[in-house]
Amino acid sequence: RWYRASAEKGYALAMVALAEMAILGEGMDQNLALACGLVEPVAGKGIPAGMYCLGIMYERGLGVPHDEQKGSALVSAALAAGFDQREARL
């Protein structure tokens, strides 16, 4: 509930957290379209957590076309920007 309220206000990390929940089906049915809609704008702003999440989605073909090259580039960019992989839930 709190993640959704924060995500609706545009808080990037809440959007990523809610996207991860939607991918994993935690607290809701799995909803890859919702996850993609939440994480794409965050990644587009260059926020490392969003880039990492979207990269994993591309690598695994979760709600987006399977594209390992694009996914790997996003993951690498997120890590280069300081994202700590240990924070990821995917």
Tyr58 side chain reached by Pro65 side chain, heavy atoms, under 4.5 Å: yes
For Ile47, which residues count as a side-chain contact (heavy atoms from CB on, under 4.5 Å) partner, sequence neighbours excluded? Ala12, Val42, Lys45
Heavy atoms of other groups near Leu32 CG, more than 12 under 6.0 Å: yes
If only atom types and distance count, is the side chain of Gln30 paired as donor or acceptor with the main-chain N or O of Ile23 below 3.5 Å? yes
Heavy-atom closest pair (Leu18 atom, Ala7 atom, distance to 0.1 Å) is CD2-CB, 3.9 Å
Under 3.5 Å: donor-acceptor pair, side chain of His66, backbone of Glu59: yes
What residue pairs, at least two apart or across chains, pass ring-ring contact (aromatic ring centres under 6.0 Å, His included) with a residue in residues 26-57? Tyr52-Phe83
Can you list every ring-ring contact (aromatic ring centres under 6.0 Å, His included) pair that touches residues 4-23, not counting sequence neighbours? none
Roughly how far, to the nearest 0.5 Å, is CZ of Arg4 from CG of Leu34? 6.0 Å
So, do Val16 and Leu38 sit near enough that their side-chain heavy atoms are less than 4.5 Å apart? no
Heavy-atom closest pair (Ala35 atom, Ala19 atom, distance to 0.1 Å) is CB-O, 3.5 Å
From CE (Met57) to CD (Glu40), nearest 0.5 Å: 7.5 Å
On a heavy-atom basis, which atom in Pro41 and which in Cys36 lie closest, and how many Å separate them? CD-O, 4.4 Å
Hydrophobic clusters here meaning ILVMFWY residues chained together by side-chain heavy-atom distances under 4.5 Å, can you tell me if Tyr3 and Leu13 are in one? no
Spacing of Leu54 atom CG and Met51 atom CE [to the nearest 0.5 Å]: 10.0 Å
Search all heavy atoms of Val39 against all heavy atoms of Cys53 and return the closest pair with its distance. CG2-CB, 3.6 Å
Could you measure the distance from the CD1 atom of Ile56 to the CD atom of Glu20? Nearest 0.5 Å is fine. 10.0 Å
